[in-house]
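See structure below.
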Amino acid sequence: MSKAFTKEPDGHQDDDDDDLPRLPQIPPGSKNYITPQGYAALKTELLALIDEERPKVVETVHWAASNGDRSENGDYLYGKKRLREIDRRIRFLTKRLEMAEVVEPSVHSGSDQVFFGATVIYVDDEEVERTITILGIDEAQTSQGQVSWVAPVARALLKARVGDEVPLPTPAGVRMLEVLAVQYPPSPAQLK
């Protein structure tokens, strides 16, 4: 019997989704808040995938396919896998951009209250001072001191004012955070 007619074991998926890290989830009923800069970065990535990277990979796969036997053709096999990854990322970015709610943090410039887009300096109950910027799920980079607005520390700080102490539930118990300073980026009009 041809291998084409053999049944795969239960639970096998032809898609490589299980190999990828889980993408951040937006809480049910919430919007996908993002800054104008984050939105622009996602859109730039999407357009680069569509206009530059995907056509190059398609060309490589086409060339590799024309070389004959595809079963041991590394360029063909890798190219097909890379195309699936690119298409998956394009679908993800398209969905996220469609549901994005662009929020301009600078509208709160001068405020002492924590809202989306704020850079917050706080001290915890062990006297450790930290600075974080609260951004969207798809744009926050923890290595740069940025946290998603759905992160526990961001949720604890949102709506607090300078001088407020807020509880932060952790697995080790509740910790208290005191807001020392709140800053927002300048508006585009202030930059001129």
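Annotation: side chain of Arg175 is not in contact with side chain of Pro167 (no heavy-atom distance under 4.5 Å). Counting heavy atoms from C-beta on, the side chains of Leu49 and Arg89 come closer than 4.5 Å. At a threshold of 4.5 Å between non-hydrogen side-chain atoms, the residues Asp124 and Met176 do not count as touching. Annotation: side chain of Tyr122 is not in contact with side chain of Glu178 (no heavy-atom distance under 4.5 Å). In this structure, Val61 and Lys80 have side chains that are in contact, with non-hydrogen atoms separated by less than 4.5 Å. With a 4.5 Å cut-off on side-chain heavy atoms, Val179 and Leu157 count as touching. Proximity of Glu129 to Ile121: side-chain heavy atoms (C-beta onward) are separated by under 4.5 Å at one or more points. Looking at Val162 and Leu180, their side chains never come closer than 4.5 Å, going by heavy atoms from C-beta outward.
Connection of Tyr78 to Leu83 is not established within any shared hydrophobic cluster, with ILVMFWY side chains joined at heavy-atom distances below 4.5 Å, either directly or through further cluster members. Note on Val182 and Val123: separate hydrophobic clusters, where clusters join Ile, Leu, Val, Met, Phe, Trp and Tyr whose side-chain heavy atoms are under 4.5 Å apart, directly or indirectly. Connection of Val150 to Val120 is established within a shared hydrophobic cluster, with ILVMFWY side chains joined at heavy-atom distances below 4.5 Å, either directly or through further cluster members. Criterion: ILVMFWY side-chain heavy atoms under 4.5 Å apart, direct or through other members. Under it, Ile86 and Ile50 are part of a common hydrophobic cluster. Residues Tyr184 and Leu135 fall into different hydrophobic clusters, defined by Ile, Leu, Val, Met, Phe, Trp and Tyr side chains chained together at heavy-atom separations under 4.5 Å.
Taking every heavy atom of both residues into account, Ala151 and Val147 meet most closely at CB-CB, 4.3 Å. When all heavy atoms are compared, the tightest approach of Asp125 to Val174 is OD2-O, 4.3 Å. Residues Pro105 and Pro36 share a closest heavy-atom pair of CD-CD, 4.2 Å.
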As a quick check of understanding, evaluate side chain to side chain contact (heavy atoms under 4.5 Å, CB included) for Glu45 and Leu93, giving each step before the final call. CA-CA 8 Å; Glu45 180 186 354; Leu93 290 171; 3.7 Å; yes
Thr94 and Leu46: CA distance, side-chain angles, deciding distance, side chain to side chain contact (heavy atoms under 4.5 Å, CB included) verdict: CA-CA 8 Å; Thr94 301; Leu46 175 64; 3.9 Å; yes
Walk me through it: do Thr119 and Ile132 pass the test side chain to side chain contact (heavy atoms under 4.5 Å, CB included)? CA-CA 6 Å; Thr119 297; Ile132 61 166; over 6 Å; no
Derivation and outcome, side chain to side chain contact (heavy atoms under 4.5 Å, CB included), residues Phe92 and Leu42: CA-CA 10 Å; Phe92 172 78; Leu42 291 183; over 6 Å; no
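When the side chain to side chain donor-acceptor pair (under 3.5 Å) test is applied to Ser148, no partner is found at least two apart in sequence or on another chain. For the side chain to side chain donor-acceptor pair (under 3.5 Å) test, residues two or more places apart in sequence or in another chain that qualify with Glu53 are Arg82. With sequence neighbours left out, Tyr33 forms a ring pair (Phe, Tyr, Trp, His ring centres under 6.0 Å) with Trp149.
No hydrogens or angles considered: nothing links the side chains of Ser111 and Gln113 as a donor-acceptor pair under 3.5 Å. Under 3.5 Å, the side chains of Glu139 and Thr35 contain a donor-acceptor pair of N or O atoms.
Rounded to the nearest 0.5 Å, atoms CZ (Arg84) and NZ (Lys81) are 8.0 Å apart. Annotation: the span from Arg54 atom CZ to Asp87 atom CG amounts to 4.0 Å, rounded to 0.5 Å.
When the options Leu97, Thr44, Asn32 are evaluated for a side-chain contact (heavy atoms from CB on, under 4.5 Å) with Tyr39, the one that passes is Leu97.
The neighbour count for Glu59 CD, taken as heavy atoms of other residues, nucleotides or ligands under 6.0 Å away, does not exceed 12.
A donor-acceptor pair under 3.5 Å is formed between the side chain of Gln146 and the backbone N or O of Gln141.
Using a cut-off of 4.0 Å between Lys/Arg side-chain N and Asp/Glu carboxylate O, Asp164 and Lys159 are scored as not salt-bridged.
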